[in-house]
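So the structure is just underneath, and the comments pick up after that.
We count residues from 1, following the sequence as given.
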Amino acid sequence: VQLQASGGGLVQAGGSLRLSCVASEERTFMSSTLAWFRQAPGNERDFVAAVAENGRRTYYAASVKGRFTASIDNAKMTMYLQMNGLKPEDTAVYYCAAREGFAYPYRLQSNQYPYWGPGTQVTVSS
């Protein structure tokens with residue numbers, strides 16, 4: 001499956017952005033755990049959020065819980081990440097990823113996801 005993320009940009013602290021990730025293949029999209037990761041310069045690629053079972057289950061990193069919301073539109077084969085209350089430390093390149101199946105506890109390491117899209121830059125100014 002191919003993934004394409006978009007929606008990044010420059011926003012002031014406290015602002016909001018919504019990222020989108022479109023999948024190319026319906027069968028894989030419907031049967032996969034989808035995730036958002038982010039990578040700031042000099043840092044590892046960190047887990048942000050995951051969506052499983054066609055949006056019925058979600059999981060968030062502690063650093064974004066309560067501010068970010070991940071969701072799915074199955075008809076559009078699109079995953080979203082609504083980011084509210086953005087902070088300068090949220091600045092990073094954001095990636096969407098997928099792995100087939102639903103495994104719990106959620107897989108939080110980037111090397112556990114075989115499918116990736118190109119990233120989209122999110123910059124939060126103070």
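- For Q112, the CD atom is densely surrounded, since the number of other residues' heavy atoms within 6.0 Å is greater than 12.
- Counting all heavy atoms, side chain and backbone alike, K76 lies closest to V22 at O-CG1, 4.3 Å.
- Applying the side-chain contact (heavy atoms from CB on, under 4.5 Å) criterion to P114, with sequence neighbours excluded, gives R99.
- Annotation: the span from T69 atom OG1 to L81 atom CG amounts to 8.0 Å, rounded to 0.5 Å.
- For F68, the ring pair (Phe, Tyr, Trp, His ring centres under 6.0 Å) test picks out no residue, with sequence neighbours left out.
- Within the structure, disulfide (SG to SG under 2.5 Å) pairs that include any residue of residues 24-93 do not occur (at least two apart or interchain).
- The hydrophobic clustering, which links ILVMFWY residues whose side-chain heavy atoms are closer than 4.5 Å, places V124 and L17 together.
- The two residues F47 and L108 come nearest to each other via the heavy atoms CB-O, 3.4 Å.
- Considering all non-hydrogen atoms of both residues, L3 and A98 come closest at CD1-N, 3.9 Å.
- Under the 4.5 Å side-chain heavy-atom criterion for grouping Ile, Leu, Val, Met, Phe, Trp and Tyr, L34 is connected to W36 within one hydrophobic cluster.
- Applying the salt bridge (Lys or Arg N to Asp or Glu O under 4.0 Å) rule to R57 yields the partners E53; only residues at least two apart in sequence or on another chain are considered.
- Both V48 and L86 sit in one connected hydrophobic cluster of ILVMFWY residues. Membership requires side-chain heavy atoms under 4.5 Å apart, directly or through other members.
- Under 3.5 Å, the side chains of Q121 and T123 contain a donor-acceptor pair of N or O atoms.
- When all heavy atoms of A52 and T33 are compared, the pair lying nearest together is CB-OG1, 4.0 Å.
- The hydrophobic clustering, which links ILVMFWY residues whose side-chain heavy atoms are closer than 4.5 Å, places F29 and Y106 apart.
- Qualifying side-chain contact (heavy atoms from CB on, under 4.5 Å) partners for E26, counting only residues two or more places apart in sequence or in other chains: M30, M77.
- Using a distance-only test at 3.5 Å, with no hydrogens or angles considered, a donor-acceptor pair links the side chain of Y60 to the main chain of A70.
- Both V11 and V64 are part of a single hydrophobic cluster, where members link through side-chain heavy atoms under 4.5 Å apart.
- One finds the CG atom of N74 at 12.0 Å from the CE atom of M79 (value rounded to the nearest 0.5 Å).
- With rounding to the nearest 0.5 Å, the separation of OH in Y80 from CG in L19 is 11.5 Å.
- Among residues two or more places apart in sequence or in another chain, the side-chain contact (heavy atoms from CB on, under 4.5 Å) test is passed with A97 by F37, Y113, W116.
- Take S24 and apply the side-chain hydrogen bond (donor to acceptor under 3.5 Å, both in side chains) test, not counting sequence neighbours, and it matches no residue.
- Looking at every heavy atom in both residues, V93 comes nearest to G119 through CG1-CA, 3.6 Å.
- Every residue two or more places apart in sequence or in another chain that forms a side-chain contact (heavy atoms from CB on, under 4.5 Å) with E25 is listed here: V1, R27, T28.
- Listed by first and then second residue, the disulfide (SG to SG under 2.5 Å) pairs that reach into residues 13-110 are C21-C96, sequence neighbours excluded.
- Judged as a side-chain hydrogen bond (donor to acceptor under 3.5 Å, both in side chains), and not counting sequence neighbours, the contacts of Q39 are R45.
- Applying the disulfide (SG to SG under 2.5 Å) test to pairs two or more places apart or on separate chains, none has a residue in residues 39-72.
- Summarising the geometry of P118 relative to Y95, their closest heavy-atom pair is C-CD2, 4.1 Å, with the distance given to 0.1 Å.
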Checklist entry - Taking it one step at a time, do V122 and M83 satisfy side chain to side chain contact (heavy atoms under 4.5 Å, CB included)? => result CA-CA 10 Å; V122 172; M83 305 185 294; 3.9 Å; yes

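- Applying the side-chain hydrogen bond (donor to acceptor under 3.5 Å, both in side chains) test to pairs two or more places apart or on separate chains, those with a residue in residues 83-94 are S16-N84, R38-D90, R38-Y94, R67-D90, Q82-N84.
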